[in-house]
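A note on names: the letters A, B, ... follow the listed sequences, proteins ahead of strands, and every chain is numbered from 1. What's counted below: heavy atoms across the whole structure, side chains too, no hydrogens, waters or symmetry copies.
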There are 2 protein chains.
Amino acid sequence: MEKRTFKNTIYAAIAGMTKAFSSPNRLEIIDLLANGEKTVEQIATQTAITVANASQHLQVLKTARLVRSRREGTFIFYSLNGLKSYAAWKALRDLAQEQEPAVQVTLQRFRQALGSPVQELRERLGELPRDKTIIAYCRGPFCTYADEAVQLLHANGFKALRLEESYLDIQLDYN
Amino acid sequence: MEKRTFKNTIYAAIAGMTKAFSSPNRLEIIDLLANGEKTVEQIATQTAITVANASQHLQVLKTARLVRSRREGTFIFYSLNGLKSYAAWKALRDLAQEQEPAVQVTLQRFRQALGSPVQELRERLGELPRDKTIIAYCRGPFCTYADEAVQLLHANGFKALRLEESYLDIQLDYN
DNA sequence: TCATTATTCAATAATTTGCTTGAATACTTG
DNA sequence: CAAGTATTCAAGCAAATTATTGAATAATGA
């Protein structure tokens with residue numbers, strides 16, 4: 001086989017896999033699945049797309065071996081397939097956060113624009129210990145709730161930190 | 001701004017950057033540039049595409065901030081823009097090597113199919129020291145010459161190793 | 001078996017992407 | 001300034017990608 005043919009095959013195969021990453025909806029799905037397995041309908045609801053469209057994207061991700069599925073009754077649960085899939089998503093995200101002004105700016109605004117659902121936390125502040133540091137966790141760096149929680153906790157005199165990494169990040173550290 | 005709008009903006013921005021990675025030709029260009037800066041024509045020649053097409057791809061990569069350029073006389077030299085660009089490419093490559101059978105198989109064949117240009121090395125074997133270990137280096141894991149060289153050196157009783165990482169990998173270790 | 005529910009499939013239209021060709025720009029050197 | 005060379009631009013066409021719609025599968029439970 002010609003050297004050029006080898007190269008063409010390899011780069012085409014990698015690009016094929018990479019294409020699965022290059023759609024906003026699929027990235028959001030990957031980001032969701034980094035938090036644990038989900039059904040098609042959950043994914044559709046949380047990403048605000050139709051079920052058929054979510055299913056379609058999931059097929060693309062599955063063909064590229066980025067996600068896997070298991071059946072449980074009438075439900076099919078999807079999850080990320082392996083740590084390297086997550087590692088690649090993380091590398092792309094880090095890169096974009098460093099180099100894409102749109103991401104930097106929006107993310108900052110996103111985290112400042114305090115919203116709502118720290119409501120329960122506010123109501124149950126009394127149940128939290130004051131002698132310990134509280135770690136606020138929230139899936140991925142694109143979820144704002146951890147930030148809101150930390151701000152609320154600080155305002156009320158608690159020691160609190162935001163956990164920057166998702167659970168898959170923590171696993172990555174051990175490999 | 002609506003939470004959904006935030007998310008749409010962020011994922012779209014990341015996907016925009018990711019799209020720059022998802023073309024075989026552009027991946028090969030990135031792989032080339034991981035070895036150091038190159039002119040448009042060098043890139044076109046080494047990737048076996050036309051100059052206009054290479055230029056076009058380079059514009060895409062530049063818009064996505066994955067490469068940068070500098071002018072020197074009539075030449076414009078392109079190079080990778082930052083370690084994170086390289087890190088992302090490496091993550092994608094690792095993922096594909098692990099999960100894409102086509103990549104695994106082809107890469108293996110590629111490295112076995114000994115070719116030619118270790119010719120000069122063969123002719124100048126006498127100039128090499130026999131009391132030291134020789135490290136064969138070759139840009140990225142997708143270049144075969146290092147493998148051929150190691151095989152030749154072993155066959156002639158030298159101590160030799162293949163350096164798996166490119167020079168950018170080595171830099172990554174220090175950050 | 002039949003109705004129900006979760007998921008996938010299939011067809012379509014709109015948009016985007018990739019490569020080619022030939023012309024235009026930008027810098028250098030005589 | 002003129003000629004030469006490296007690079008980019010612009011137009012055009014073929015191919016791939018996306019979301020939508022409505023129908024088809026597949027498992028569950030009565």
Inset, instruction - Considering just the side-chain nitrogens and oxygens of A/His57, establish if one lies under 4.0 Å of OP1 or OP2 belonging to D/dT17. - result: no
Legend entry - Within 45° cone of A/Phe158 ring axis and under 6.0 Å: A/Arg130 NZ or CZ: yes
Legend entry - Basic-acidic side-chain contact under 4.0 Å: A/Arg68, A/Glu37: no
Legend entry - Residue pair B/Thr47 / B/Ile43: nearest heavy atoms and the distance that separates them: OG1-O, 2.7 Å
Inset, instruction - Round to the nearest Å and state the distance from A/Gln59 atom CD to D/dT17 atom C1'. - result: 16 Å
Inset, instruction - Among the candidates C/dG18, D/dT8, C/dT7, find the nucleotide nearest to the side-chain atoms of A/Thr39. - result: C/dT7
Legend entry - Closest listed nucleotide, where the reference is the side chain of B/Asn25 and the choices are C/dT7, C/dC19, D/dT7: C/dC19
Legend entry - Protein-nucleotide distance (B/Arg70, atom CZ; C/dC27, atom P), rounded to Å: 15 Å
Legend entry - Atom-to-atom span, CD of A/Glu28 to C1' of D/dT18 - whole angstrom: 16 Å
Inset, instruction - Tell me which nucleotide among D/dA27, D/dT8, C/dC9 gets nearest to the side chain of A/Arg71. - result: D/dA27
Legend entry - B/Gln42 side-chain N/O to B/Thr39 backbone N/O, donor-acceptor pair under 3.5 Å: yes
Inset, instruction - Just call it for B/Gln56: base, sugar-phosphate, or nothing, with non-hydrogen atoms closer than 4.0 Å on any strand. - result: base
Legend entry - Separation of C/dT7 C1' from A/Lys38 NZ (nearest whole Å): 18 Å
Inset, instruction - Using only side-chain N and O atoms of B/Asn53, determine if any of them is under 4.0 Å from OP1 or OP2 of C/dG18. - result: no
Legend entry - Interatomic distance, A/Lys19 NZ vs D/dT18 P [rounded to whole Å]: 10 Å
Inset, instruction - Could you check how far CD of B/Glu72 sits from P of D/dT5, rounded to whole Å? - result: 19 Å
Inset, instruction - Let me know, please, whether A/Thr74 or A/Ala52 comes out on the 5' side of the other along DNA chain C by nearest nucleotide. - result: A/Thr74
Legend entry - 5'-most by nearest nucleotide on DNA chain D - A/Gly73 or A/Thr50: A/Thr50
Inset, instruction - Using only side-chain N and O atoms of A/Tyr78, determine if any of them is under 4.0 Å from OP1 or OP2 of C/dA6. - result: no
Inset, instruction - Using a 4.0 Å heavy-atom cut-off across all strands, classify B/Phe77 as base, sugar-phosphate, or nothing. - result: nothing
Inset, instruction - May I ask you to decide whether A/Glu28 forms a salt bridge with B/Arg4, counting only side-chain N to carboxylate O separations under 4.0 Å? - result: yes
Inset, instruction - Nearest whole angstrom, please: distance from the P of D/dA6 to the CD1 of B/Ile43. - result: 14 Å
Legend entry - Rounded distance in Å - CZ (B/Phe75) to P (C/dT28): 11 Å
